[in-house]
2 protein chains.
Amino acid sequence: MTEATRRERLRADTEREIRQAARALLVERGRDAVTLRAIARELGITAPALYRYYDSHDALLRQLCDDICADMAAVLYADLAADTSGQVGCQVRAVCRGFRRWALAHPQEFALVFASPRDPLGADQFGSVFLHLAGRLIASNLVVKHADEEVPEVLHEDLVRFQQVLMDAVSVHGVTVEDDVLNLGKIYHVVQSWVRLYGHVALEVFGRFPFAVSNPEPMFDNMLDQMLSDIGFQEDDSAAR
Amino acid sequence: MTEATRRERLRADTEREIRQAARALLVERGRDAVTLRAIARELGITAPALYRYYDSHDALLRQLCDDICADMAAVLYADLAADTSGQVGCQVRAVCRGFRRWALAHPQEFALVFASPRDPLGADQFGSVFLHLAGRLIASNLVVKHADEEVPEVLHEDLVRFQQVLMDAVSVHGVTVEDDVLNLGKIYHVVQSWVRLYGHVALEVFGRFPFAVSNPEPMFDNMLDQMLSDIGFQEDDSAAR
DNA sequence: AACTCTTGTAAACACCGTTCACTGAAACCG
DNA sequence: CGGTTTCAGTGAACGGTGTTTACAAGAGTT
């Protein structure tokens, strides 16, 4: 069955344990507790042994970020699958709610991945869910036509690049879209939505609203409604595909 | 002139030096470099001596946050004062631009103060500039009348609390506002603006836009325009007061 | 002058990332 | 099978960290 040698299997097992231990430490005791020695202690080995698996503490943290992204993507995909309405609007809502719920349940992970002044995440690990959904959203053609002229010319170059990223993300899943459907105006609105979604979630996770919010959830839902309506979704539209 | 004793003066000097050293370390070498021993080294003393001034490393970091907030507020007030148009819309724009500029120039400070999973900031240190401006903005009556009915009932309690915070912030500066001008609809829109402003700035500082943005500034300005127009400002309105 | 209060020190403890020489067993090869 | 190579893991060490403790020495007070 397995072509891997005994040694390779053991190595893979240990590496998995390292990741699990690192993750548990981050979740339970914060970023500063993710220590080589603490991880090693958890596995019953010594700290230098970890250097057989990772070049440095920093490299291990980077790996941790990737794992977190992968896990979050899995959660969001599950949220997406749980929506049986078949309506793109509902799907977007489900994923956005899932993102907020995940961030609130995993503040340490959120801070590490989404709010640390380190190297930018690659588009793939960034959360293909978002890209996938954004692509489908735009392709569904339910979005009101936004004229490209609304978008300042200086942004065109960047938006065209993002357009390509989106097309790639969607085509990976076997869907192809015509160029003209993915026009710049729509793409710009998707970026604006990301700004609002991220802004609300981060403010809530970090407690940086200018006053104590006792009921953040309806506030979020309200923002979501307005966001979807800004993009051009009506409340009870039915979706394509 | 000074009523302080010699000893008190010396103590105040040392404390100031500690803060300066801590700040310099944060800016130049990141959060993890703000070390008791490094600070002490800078002052030519030993690490335990710092315990005469702060209870712990954590307490010192908290003080650092306060200092950063104070400095940022000073910068934003300067940006506000530099705007001689007398138009509230321009003033809002100036402060928002100043906030983005400050955040990009001080990413470490921004991350520490605005994107760390710690205790929420007090309303005072949060940036009285924002509150002051938001209050004036709402009071200027240029904002289109937003019906309170748009706002979900669950949010009323929170918004009323924020209303009080705003009134207090404005009245500190000698301005008084009638209750009915500061209606909940307006307040809600101000909160939404904060979400978008913070969202854009944080995404830019942390490089978490879903694609590489080569021209973030016009994108920000565009967002600002749309934000102001959403609040109800027209491009060339003139302001009250 | 005697006393207290304050500010600093040195030493120590337990922890951290990282390096290095070394061990022992698994894997490979003739 | 025997010899050799590969490699995960060890223990000791280096310089760094936060924090506590006992102690010194000067400033301020009476």
Side-chain angles (χ1 to χ4, degrees), chain A residues 1-65 108 112 116 118-119, chain B residues 1-65 108 112 116 118-119:
Chain A
M1 184 65 80
T2 67
E3 301 178 16
T5 70
R6 187 178 115 88
R7 207 138 66 173
E8 279 169 339
R9 259 185 297 111
L10 287 178
R11 184 181 175 83
D13 282 356
T14 307
E15 190 170 334
R16 198 171 29 75
E17 283 184 58
I18 293 175
R19 294 178 182 200
Q20 284 176 357
R23 187 66 167 282
L25 285 166
L26 174 67
V27 170
E28 287 160 25
R29 290 160 49 200
R31 205 205 79 164
D32 293 346
V34 184
T35 265
L36 290 186
R37 284 186 150 92
I39 296 171
R41 215 177 293 130
E42 216 72 23
L43 301 208
I45 60 177
T46 60
L50 295 176
Y51 282 81
R52 302 288 176 198
Y53 298 85
Y54 296 96
D55 286 343
S56 68
H57 181 244
D58 205 62
L60 200 152
L61 272 190
R62 245 188 295 276
Q63 172 67 60
L64 187 52
C65 284
Q108 300 287 350
L112 186 65
S116 292
R118 27 174 65 243
D119 40 287
Chain B
M1 182 64 82
T2 67
E3 302 178 15
T5 70
R6 187 178 114 87
R7 200 132 75 172
E8 280 167 339
R9 259 184 297 113
L10 287 178
R11 184 180 177 82
D13 283 356
T14 307
E15 191 170 334
R16 199 171 28 76
E17 282 184 59
I18 293 175
R19 294 179 182 199
Q20 284 175 356
R23 186 67 167 281
L25 285 166
L26 175 68
V27 171
E28 288 160 25
R29 290 161 48 200
R31 205 206 79 163
D32 292 347
V34 184
T35 269
L36 289 185
R37 285 186 150 91
I39 296 171
R41 214 176 295 130
E42 215 73 21
L43 302 207
I45 60 178
T46 61
L50 295 176
Y51 282 82
R52 302 291 177 195
Y53 297 87
Y54 295 96
D55 284 344
S56 68
H57 180 245
D58 204 63
L60 199 152
L61 272 189
R62 246 188 295 276
Q63 171 67 60
L64 188 53
C65 283
Q108 299 286 351
L112 186 65
S116 293
R118 28 175 64 242
D119 41 288

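Here the structure is a predicted model, which is why all the values come from computation and not from measurement.
When all heavy atoms of B:Ala21 and B:Leu43 are compared, the closest pair comes out as CB-CD2, 4.2 Å. Closest approach of A:Ile45 to A:Ala49, counting heavy atoms only: CD1-CB, 3.9 Å. Here the closest non-hydrogen pair linking A:Ala33 and A:Ala38 is O-CB, 4.0 Å. Heavy atoms only, all atoms of each residue included: A:Arg52 and A:Arg11 are closest at O-NH2, 2.7 Å. Looking at every heavy atom in both residues, A:Val34 comes nearest to A:Ala22 through CG2-O, 3.9 Å.
Side-chain contact between A:Thr35 and A:Leu25 is absent, with no heavy-atom pair separated by less than 4.5 Å.
Rounded to the nearest 0.5 angstrom, A:Tyr54 OH and A:Arg19 CZ are separated by 4.5 Å. With rounding to the nearest 0.5 Å, the separation of CG in B:Leu64 from CD1 in B:Ile18 is 12.0 Å. The distance from the OG atom of B:Ser56 to the CG atom of B:Leu50 is 11.5 Å, given to the nearest 0.5 Å. Note that the CD1 atom of A:Ile39 and the CZ atom of A:Arg23 stand 12.5 Å from one another [nearest 0.5 Å].
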Could you please spell out the steps behind the side chain to side chain contact (heavy atoms under 4.5 Å, CB included) verdict for B:Gln108 and B:Val27? CA-CA 6 Å; B:Gln108 299 286 351; B:Val27 171; over 6 Å; no

Side chain to side chain contact (heavy atoms under 4.5 Å, CB included) between A:Tyr51 and A:Leu36: does it pass, once the steps are laid out? CA-CA 9 Å; A:Tyr51 282 81; A:Leu36 290 186; 3.4 Å; yes

Check the pair B:Arg31, B:Leu26 against side chain to side chain contact (heavy atoms under 4.5 Å, CB included), reporting the backbone distance first and the verdict last. CA-CA 5 Å; B:Arg31 205 206 79 163; B:Leu26 175 68; 4.1 Å; yes

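DNA chain C is contacted by B:Arg52, B:Tyr53 of residues 51-59 of chain B, taking any non-hydrogen atom closer than 4.0 Å. Residues from residues 17-41 of chain A with heavy atoms under 4.0 angstrom of DNA chain D, sorted by number: A:Arg37.
Axis angle between the ends of the helix from C:dA1-D:dT30 to C:dG30-D:dC1, five pairs each and rounded to 10 degrees, works out to 10°.
Protein atom CZ of B:Arg9 is 17 Å distant from nucleotide atom P of C:dT6, rounded to whole Å. Between B:Arg11 atom CZ and C:dG8 atom C1' there is a gap of 12 Å when expressed in whole angstrom units.
Reading DNA chain D from its 5' end, the first and the last nucleotide to sit under 4.0 Å from a heavy atom of chain A are D:dT6 to D:dA13.
Summarising the local packing, CG of A:Asp13 is surrounded by more than 12 heavy atoms from other residues, nucleotides or ligands at distances under 6.0 Å.
Among residues two or more places apart in sequence or in another chain, the salt bridge (Lys or Arg N to Asp or Glu O under 4.0 Å) test is passed with B:Asp58 by B:Arg62, B:Arg118.
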Just the table, please: protein N/O against nucleotides 25-28 of chain C N/O, every pair under 3.5 Å.
unit_1, atom_1, unit_2, atom_2, d
C:dA27, OP1, A:Arg7, N, 3.3

